[in-house]
Amino acid sequence: QVQLVESGGGLVQAGGSLRLSCVVSRSIASSNAMGWYRQAPGKQRELVATVTDGGRTNYADSVKGRFTISRDNAKNTVYLQMNSLKPEDTAVYYCNYRSQVVPGAYNYWGQGTQVTVSS
């Protein structure tokens with residue numbers, strides 16, 4: 001059983017910052033990609049950022065220049081640093097852990113952490 005536990009969400013004013021963390025219950029050192037997705041009530045879940053085991057990153061256009069995804073393989077942890085937050089960033093943020101070398105072999109999600117940005 002693989003578990004992903006997110007933390008770091010909360011309430012912040014527009015222009016502020018938060019850092020989300022996701023701890024995975026097994027090694028993330030190789031053969032996987034980590035990601036963050038978000039979903040607001042009544043809206044579709046959308047990709048925020050991903051990072052491969054080789055360090056290659058991908059960001060949604062809406063967060064480029066403001067958010068940074070990183071990983072610490074020794075701690076089995078992925079982070080999302082969120083700066084210059086906007087009210088439209090308000091959502092539940094979900095951590096994702098998926099196979100990279102063999103796509104589709106596994107795909108796990110955390111329970112989510114709430115981020116609320118006040119105007």
Side-chain angles (χ1 to χ4, degrees):
Q1 188 74 32
V2 177
Q3 296 184 58
L4 284 67
V5 180
E6 302 104 330
S7 62
L11 175 65
V12 65
Q13 292 184 324
S17 298
L18 287 172
R19 188 174 80 155
L20 306 183
S21 299
C22 172
V23 180
V24 183
S25 64
R26 71 181 184 191
S27 175
I28 63 167
S30 64
S31 304
N32 66 83
M34 302 295 303
W36 288 95
Y37 293 71
R38 67 187 182 188
Q39 186 170 25
K43 298 182 179 179
Q44 294 181 300
R45 185 175 297 188
E46 64 177 354
L47 182 147
V48 177
T50 60
V51 58
T52 69
D53 56 0
R56 177 165 48 86
T57 58
N58 181 53
Y59 296 93
D61 288 342
S62 60
V63 307
K64 286 181 179 177
R66 300 189 298 121
F67 291 10
T68 302
I69 188 170
S70 61
R71 60 195 295 160
D72 185 340
N73 291 341
K75 296 181 178 180
N76 295 333
T77 302
V78 175
Y79 304 96
L80 184 68
Q81 178 66 47
M82 304 184 293
N83 298 325
S84 301
L85 283 162
K86 304 174 181 179
E88 52 262 44
D89 295 319
T90 296
V92 177
Y93 284 70
Y94 297 91
C95 184
N96 175 247
Y97 167 72
R98 64 176 174 84
S99 173
Q100 181 178 339
V101 175
V102 184
Y106 55 84
N107 188 6
Y108 298 100
W109 296 90
Q111 296 300 304
T113 185
Q114 177 71 47
V115 172
T116 302
V117 184
S118 61
S119 59

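Hydrophobic clustering of Ile, Leu, Val, Met, Phe, Trp and Tyr side chains at less than 4.5 Å, counting indirect connections, keeps V51 apart from Y94. Hydrophobic clustering keeps Y79 apart from L4 (ILVMFWY residues linked when any side-chain heavy atoms are closer than 4.5 Å, directly or through intermediates).
Contact between W36 and C22 at its shortest, heavy atoms only, is CZ2-CB, 3.6 Å. Across all their heavy atoms, R38 and S62 have their closest contact at NH2-OG, 3.4 Å. When all heavy atoms are compared, the tightest approach of S25 to V2 is OG-CA, 3.4 Å. Taking every heavy atom of both residues into account, V101 and S31 meet most closely at CG2-OG, 3.5 Å. Between R71 and D53, the shortest heavy-atom contact is NH1-N, 3.4 Å. In terms of heavy-atom proximity, I28 sits nearest to V78 at CD1-CG2, 4.0 Å.
Inter-residue side-chain proximity for L85 and F67 is flagged as met; some heavy-atom pair is nearer than 4.5 Å. Counting heavy atoms from C-beta on, the side chains of N76 and S27 come closer than 4.5 Å. Considering only heavy atoms from C-beta on, E6 stays 4.5 Å or farther from V23 through its side chain.
Under 4.0 Å is where a charged nitrogen must lie from a carboxylate oxygen, and between D61 and K64 at least one such pair does.
Checking side-chain atoms of E46 against main-chain N and O of Q39 turns up no donor-acceptor pair under 3.5 Å. A distance-only check finds a donor-acceptor pair linking the side chain of T77 to the backbone of K75 [under 3.5 Å]. Between the side chain of N32 and the main chain of S30, a donor-acceptor pair closer than 3.5 Å is present. T116 places no side-chain N or O within donor-acceptor distance of the main-chain N or O of T90, the cut-off being under 3.5 Å. At least one donor-acceptor pair under 3.5 Å links the side chain of Y59 to the backbone N or O of I69.
Remark: R26 is positioned above the aromatic ring of Y106, its terminal NZ or CZ atom under 6.0 angstrom from the ring centre and at most 45 degrees off the axis. At least one test fails for R98 against the ring of Y108: distance under 6.0 Å to the centre or angle within 45° of the axis.
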Inset, instruction - List the steps and the verdict of side-chain contact (heavy atoms from CB on, under 4.5 Å) for T113 and V92. - result: CA-CA 5 Å; T113 185; V92 177; over 6 Å; no
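Each of N58, D89, L20, L80 was compared with V48 under the side chain to side chain contact (heavy atoms under 4.5 Å, CB included) criterion, and only L80 meets it.
The OG1 atom of T68 lies 11.5 Å from the CZ atom of R19; values are rounded to the nearest 0.5 Å. N96 contributes atom CG, which lies 8.5 Å from atom CG of L47 (distance to the nearest 0.5 angstrom). Interatomic distance, Q81 CD to R66 CZ, rounded to the nearest 0.5 Å: 12.0 Å. Distance check, rounded to the nearest 0.5 Å: CD of Q111 to CD of Q3 gives 9.0 Å.
For the 3.5 Å distance criterion, the side chains of S17 and N83 qualify, holding a donor opposite an acceptor.
For Y37, the ring pair (Phe, Tyr, Trp, His ring centres under 6.0 Å) partners two or more places apart in sequence, or in a different chain, are W109.
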